[in-house]
Amino acid sequence: GQPDNAINMAKKALDINFTAEASWEYGKACIALNRPAEAKQALEKVIASDSSNAIANRALGEIYYSEKSYSKAIPLLKKSFKEKADGETSFKIGQSYIEMGVPDSAVPYLKDAINRKANVAQASLLMAHAYFGQKNYASAAPEFQRAASQGDLKAEEYYMMAVSLENTND
């Protein structure tokens with residue numbers, strides 16, 4: 001259809017004369033048409049020519065995040081976050097660190113997400129898991145409780161909450 005023709009013409013124009021701006025427009029079109037592989041290539045070119053482009057960093061970081069390529073997503077999302085801090089990005093950085101097994105780095109971002117009211121139940125639960133993994137039961141317990149008040153916990157998480165509470169009341 002027409003969007004495909006337009007995007008193919010944009011791609012041809014890019015191949016003939018690369019500019020960061022043309023690559024950015026092509027990348028945005030690929031995102032809109034749900035073509036992440038092509039968007040990724042275009043955004044990588046934009047960032048290669050202008051590493052400070054916060055919007056391109058965020059867009060590429062989001063693609064990597066959705067692909068669960070957390071080690072690639074984190075630096076891009078952090079660049080975007082420095083430019084324009086928001087709870088959603090903070091949550092994604094925190095979750096990425098958790099998924100990579102680096103809870104110490106996750107906690108400040110998850111706290112920020114909660115403070116900005118972004119994904120509070122999920123962020124609380126991830127923080128509870130991080131604290132529990134560090135055997136920091138006094139910090140884990142209230143996070144499990146906040147997560148429980150906002151949504152359903154799994155049986156294992158109720159158990160972890162109980163262990164945290166038990167070890168806090170010594």
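Each residue takes its place number in the sequence, starting with 1.
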**Report entry** Intermediate values then yes/no, side chain to side chain contact (heavy atoms under 4.5 Å, CB included), Ile47 and Leu76
**Finding:** CA-CA 10 Å; Ile47 292 167; Leu76 296 163; 3.9 Å; yes

Query - Side chain proximity check, Phe91 to Asp112, heavy atoms < 4.5 angstrom - result: no

Requested in this report: Begin from the C-alpha positions of Arg58 and Thr89 and carry the test side chain to side chain donor-acceptor pair (under 3.5 Å) through to its verdict.
Outcome: CA-CA 8 Å; Arg58 180 187 180 123; Thr89 303; 2.9 Å; yes

Query raised in the report: Is Val120 linked to Leu125 within one hydrophobic cluster, defined over Ile, Leu, Val, Met, Phe, Trp and Tyr using a side-chain heavy-atom separation of less than 4.5 Å?
Result: no

Donor-acceptor pairs under 3.5 angstrom involving side-chain atoms of residues 92-103: please list them, not counting sequence neighbours.
residue : atom : partner : partner atom : Å
Lys92   : NZ   : Glu62   : OE1          : 2.7
Lys92   : NZ   : Glu62   : OE2          : 3.4
Gln95   : OE1  : Tyr65   : OH           : 2.1
Ser96   : OG   : Lys92   : O            : 2.7
Tyr97   : OH   : Lys78   : NZ           : 3.0

Query - More than 12 heavy atoms of other groups within 6.0 Å of Tyr159 OH - result: no

Requested in this report: Mind running side chain to side chain donor-acceptor pair (under 3.5 Å) on Glu143 and His129 for me, showing each step along the way?
Outcome: CA-CA 9 Å; Glu143 294 304 330; His129 279 274; over 6 Å; no

Report task. With Lys79 as reference, evaluate Leu60, Asn57, Ile74 under the side-chain contact (heavy atoms from CB on, under 4.5 Å) test and give the passing residue. Result -> Asn57

Requested in this report: Considering non-hydrogen atoms only, spot the tightest contact between Gly87 and Ala118 and give its length.
Outcome: C-CB, 3.4 Å

Query raised in the report: OG of Ser90 to CD1 of Ile114: how many Å apart, nearest 0.5 Å?
Result: 9.5 Å

Report task. Find the distance between CZ (Arg35) and CD (Gln41) and round it off to the nearest 0.5 Å. Result -> 12.0 Å

Query raised in the report: Rounded to the nearest 0.5 Å, how far apart are CG of Asn115 and CG of Leu110?
Result: 11.0 Å

Requested in this report: Rounded to the nearest 0.5 Å, what's the gap from CD on Glu44 to OG on Ser23? Could you check?
Outcome: 10.0 Å

Report summary line: For Ala54 and Ser80 the tightest heavy-atom approach is O-CB, 3.7 Å

**Report entry** pair Asn119-Leu126: side-chain heavy atoms closer than 4.5 Å
**Finding:** no

Report task. Find out if a path of hydrophobic residues (ILVMFWY) with successive side-chain heavy-atom gaps under 4.5 Å connects Val107 to Phe81. Result -> yes

Report task. Specify the closest pair of heavy atoms between Leu165 and Ala141, including all atoms of both residues, with the distance to one decimal. Result -> CD2-CB, 3.7 Å

Requested in this report: Determine which pairs satisfy salt bridge (Lys or Arg N to Asp or Glu O under 4.0 Å) with at least one residue from residues 122-142, sequence neighbours left out, and list them in order.
Outcome: none

Requested in this report: Please check if atom CG in Leu153 has more than 12 non-hydrogen atoms from other residues, nucleotides or ligands closer than 6.0 Å.
Outcome: yes

Requested in this report: Measure the CD1-CD1 distance between Ile63 and Ile31 for me, rounded to the nearest 0.5 Å.
Outcome: 4.5 Å

Report task. Examine Tyr137 together with Phe132 and report whether their ring centres are nearer than 6.0 Å. Result -> yes

Query raised in the report: Does the side chain of Asp104 reach to within under 4.5 Å of the side chain of Gln134, using non-hydrogen atoms?
Result: yes

Query raised in the report: Are Tyr64 and Trp24 grouped together when hydrophobic residues (ILVMFWY) are joined by side-chain heavy atoms under 4.5 angstrom apart?
Result: yes

Report summary line: Taking every heavy atom of Gly27 against every heavy atom of Ala39, the minimum-distance pair comes out as O-CB, 3.8 Å

Query - Atom NZ of Lys72 with >12 non-hydrogen neighbours under 6.0 angstrom - result: no

